[in-house]
2 protein chains.
Amino acid sequence: MKKQAVTLVQVAAKAGVAVMTASRAISGDGYVSEETRNKVLAAADALGYAPNALARVMKGGRTNVLGVVVNDLSSVVVNAFVSALTEEVRKYEMDLFIYNSSVQLDEQAQRRHGQLLHGLWDGLIYVLPRMTDEYLAALEASGSPVVLVNFCRRPTTLPVVLGDNFNGARDAVASLVAQGHARIAFIRGSHWTGQSAERERGYRQAMADAGLPVDERWVAQGTFSEKSGLEAGQALFALDPRPTAVFAANDEMALGCMNAARALGLRLPEDVSLVGFDDVPGAVTAQPPLTTLRHPLALMAQATVQELMRRVLHEPGTRQRVEFPAEMVMRGSTAPIATAPAAAKRRTRKA
Amino acid sequence: MKKQAVTLVQVAAKAGVAVMTASRAISGDGYVSEETRNKVLAAADALGYAPNALARVMKGGRTNVLGVVVNDLSSVVVNAFVSALTEEVRKYEMDLFIYNSSVQLDEQAQRRHGQLLHGLWDGLIYVLPRMTDEYLAALEASGSPVVLVNFCRRPTTLPVVLGDNFNGARDAVASLVAQGHARIAFIRGSHWTGQSAERERGYRQAMADAGLPVDERWVAQGTFSEKSGLEAGQALFALDPRPTAVFAANDEMALGCMNAARALGLRLPEDVSLVGFDDVPGAVTAQPPLTTLRHPLALMAQATVQELMRRVLHEPGTRQRVEFPAEMVMRGSTAPIATAPAAAKRRTRKA
DNA sequence: ATGAAAGCGCTAACAC
DNA sequence: GTGTTAGCGCTTTCAT
C-alpha cells in the first residue's frame, strides 16, 4: 500500500526538529511546547503525513484489530453472529477483520493465516471452527489470545463460548414428548463442530428420560442443507409406522423435511410435528411457521469479545468456558399428537 | 497476537546458524544447502515459529492480503459478491479480509482503516461505498491500489467496476411497456451509492422512449427495505387510477410491495405486475415468483480482483471503468395487462 | 522541553 | 553456501 509515503523524518526535517520531537507532537505523549507542536503539526499537514501503523505496532504496541475466522459467511446464523461481534468490538475501540476460510482448517490454511497473518491482529475468534486436531493442538500451544465459538467436537484448553445444544435439544424433544409424541425422529447434521452430536445427545437423553425407545431407523443423516433434510424426510416418512414428529439438527433441514412431508400429502402439524434449530429468518415465514431453538447470539458475541479482550489486555477474571442456554421458540409446526389422530395414516406412501 | 512470539533469531540460534540463513531457509529464497534448510526447519517447527507479517511488510514487501470494505454484510447481494471475491482472490494466492463498516465512511472511519490501509493490505475493494466527497477525494489523492464496486453516485478517477443499472432498468420497464402497461410506478431506494438514481434514470428513459408520461405521484421514495416497499406500495395502490405495474429499485421493496398488494386484495400478476432488482433468494420463492434483474456478480468479482491486482503488481492494461450488463429474469410476477382487464378495479381502496 | 541512540523482526545487499 | 551490515518507520530508553 505504499506510493511514496511521507515519514516522520521528513516531517521533522521540514519542521526543523528532531524525529523524536515530531513523534511526541503527533502522538500527543510527553512534553512538547505549544509552539513546536504547532510547527510540527503544520509540517505534517502540509506534507500529508499519515503515521505508519505497522511501524508503530512493531514497537510492541497493539494493532487494535481483532480477527474472526468463519467457514461459511453466507450462513445466516454465522452472519448474524459476526454482525453482533462487529457491534461489540466497537465498544473496545477495536476493529474487526473477517476472514472467510470456506474450507477445513488444515495444514494449508494453517500456513496461510496461522503464519502469514501473524502479528496483524491482537486476538482471534474462531466461529464454528472445522479444525483438525493438529491445528487445534498448535493453537493451544501457541498461547495466542484466541476464543472458540460453538466448538464442542472435543475438549480443549482454549477458551470456548457456547450455546447449550444439549439441554436445548433435550428440552425441545421433551416438549414433543409432553405433546404425546413417542415416535420421534432425529436428523443429524455434519459432524465438524460437534454441534449435531450434542443435539443428538439431547434428543437421546430426552427419549431416555421419558422411557421411550429410539428406533435407529429414526435417526437419519443429513448435512445441514435443506436438500439433505428433504431426503432424510422422505426416508423417515416412508417408515411404517411413521414417526409423528421430527427434530432436525438445524432449521434448513427441518424446512427440507417440511417440503418432504408436504410432497407426501402429510398435513402439518396434524400429521407430523417438526422442530428445527437456529431460528433462521425462513423459520418464521414458513407455512406453518417452524418451532425451533435459538442461541442468544448477542449475549454470546458479548461474552466472546469480553473473554478475548481480557486475554489481549492480560486482565484477570478470564473464564475457560462460557455457556448460554438456548431459547425455545414455539410456533405452528408442532402440535399435540391428539389433534387429529384419525388422519395419521392418510396417504402414507409405503416404501 | 503476541504472547511471547518466537522470532527468527531464536530459530537461528537453536539451529546454530545466522539469522539470515534461517530467513533464507524459511522463505525459500536464495541458496541454502539441503542440510541446513532441514536443520532450520526443524528448529522452527520445534519452537512453533511463525514469521511476523508486519516486519516482513516493513521491509517493503507485500502482505498478500487484499481488503474489502462493505457497509452491510447481511445484505444477500453483498454477501454473495464477497463470496465470489473470496474465490477469485485465491487464484492470485492472496488472502481477503472483510471489513464491515456498517456506517457511512466519514472522517472517523477514514482515520480507522484509512490508516490501517497504510500497509496492512496490498489493495482495497470498496463495495457499494457510502463515502463522503472528502473521503473520496482523499482516496483519489492517495494513489493507493483501490477498486470501487457499484459506485455511481458521482464521477471519480478511481477504477470502478459496475453493473449496468441504467440499461437494466430501462429494459425491464420497456418489457412492462411491451406487455401493455402504461401506468408504471417506480419505488426509489436510498441515494448513497447512486444505484437507485441510475435505475430511476432507466425507468424514466423507458417511459420517454415509449412516449408515456410519468405522473410524479407514481414515483415513491423507499429505503431499500421491505418495510419501505410495503409502505410505498400502500401509497401507490391508493392512487386512482391505480398503477398497473410497479418497478422497485430492489427486490426487498418489490416483495414488500407484493405484500401491500396482497393485503389490498389485488391479484398478482393479473391486477398488478411487479419487477424488482438484484434477484435475492426470496425472489424465487415468493408467490408469485418475482421478475427481477441481476448483476453478474461472479464476472464482476473477477474483474474487480483483476483490476486491483494489476494495480498492485503495476501491470499494464488497467481499465478505469468496467461495466457489465444486467440480466433480466422473467418470472411470474409480471404479465401482459390484457390478462384480466375486467378485474382491475376490484376492491381498490380509495384514499 | 528536546535530542541521540538503540532496537522491534525481518530481508536486500553485499561480503567471505 | 553462509555470514555481516544496514535499514524499513517508529517509539522507548536515557541523556542533555
Side-chain angles (χ1 to χ4, degrees), chain A residues 1-41 43-44 47-64 115-122 142 144, chain B residues 1-41 43-44 47-65 115-120 122:
Chain A
M1 204 94 236
K2 47 194 50 183
K3 178 80 170 183
Q4 208 64 299
V6 184
T7 79
L8 244 199
V9 183
Q10 303 172 47
V11 175
K14 180 162 182 119
V17 297
V19 187
M20 198 49 233
T21 311
S23 168
R24 280 196 267 258
I26 284 170
S27 68
D29 296 346
Y31 300 115
V32 190
S33 75
E34 196 59 35
E35 190 192 336
T36 345
R37 154 169 288 123
N38 290 337
K39 225 165 32 176
V40 172
L41 258 36
L47 264 44
Y49 170 77
N52 184 325
L54 268 66
R56 207 172 252 183
V57 169
M58 259 198 42
K59 279 304 291 183
R62 305 204 330 259
T63 59
N64 289 328
Q115 292 200 358
L116 212 181
L117 313 179
H118 178 82
L120 292 192
W121 31 45
D122 295 332
S142 76
S144 309
Chain B
M1 200 92 229
K2 47 195 50 182
K3 174 80 169 186
Q4 208 63 301
V6 184
T7 78
L8 246 198
V9 182
Q10 302 173 48
V11 175
K14 181 161 180 121
V17 296
V19 188
M20 197 51 228
T21 312
S23 167
R24 280 196 268 258
I26 283 169
S27 67
D29 296 347
Y31 299 116
V32 190
S33 75
E34 196 58 35
E35 192 191 334
T36 354
R37 155 168 287 121
N38 290 337
K39 227 170 25 181
V40 173
L41 257 38
L47 264 43
Y49 169 76
N52 184 322
L54 268 64
R56 204 173 254 182
V57 171
M58 259 197 43
K59 280 302 289 183
R62 304 208 329 262
T63 56
N64 291 327
V65 172
Q115 289 194 2
L116 284 179
L117 169 154
H118 207 61
L120 257 188
D122 295 332

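None of these values were measured; they are calculated from a predicted model. All heavy atoms count here, side chains included; hydrogens, waters and symmetry mates do not.
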Below 3.5 Å, can you tabulate the donor-acceptor pairs from side chains in residues 12-26 of chain A to any protein atom, sequence neighbours excluded?
none

Any T36(B) side-chain nitrogen or oxygen under 4.0 Å from OP1 or OP2 of dG1(D):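 No, no such contact exists.
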Base versus backbone protein contacts along nucleotides 10-16 of chain D [heavy-atom cut-off under 4.0 Å; B, S, -]: BBB----
Minimum heavy-atom distance between V6(A) and Y49(A), given as atom pair plus value: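 In this case the closest contact between V6(A) and Y49(A) is O-CD1, 3.3 Å.
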Axis deviation across the helix from dA1(C)-dT16(D) to dC16(C)-dG1(D), five-pair ends, to the nearest 10°: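 The end axes of the helix from dA1(C)-dT16(D) to dC16(C)-dG1(D) are about 40° apart, to the nearest 10°.
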Under the side-chain hydrogen bond (donor to acceptor under 3.5 Å, both in side chains) test, residues paired with T36(B) that sit two or more places apart: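 For T36(B) the side-chain hydrogen bond (donor to acceptor under 3.5 Å, both in side chains) partners, ignoring immediate neighbours, are S33(B).
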Length of the line joining E34(B):CD and dT2(D):P, which is rounded to integer Å: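 Whole-Å distance recorded here is 11 Å.
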Euclidean distance, atom CG of residue L47(B) to atom C1' of dG9(C) [Å, nearest integer]: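 Distance check: L47(B) CG to dG9(C) C1' gives 15 Å.
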Close side-chain approach of V65(B) and D122(B), heavy atoms under 4.5 Å: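 V65(B) does not reach D122(B) side chain to side chain.
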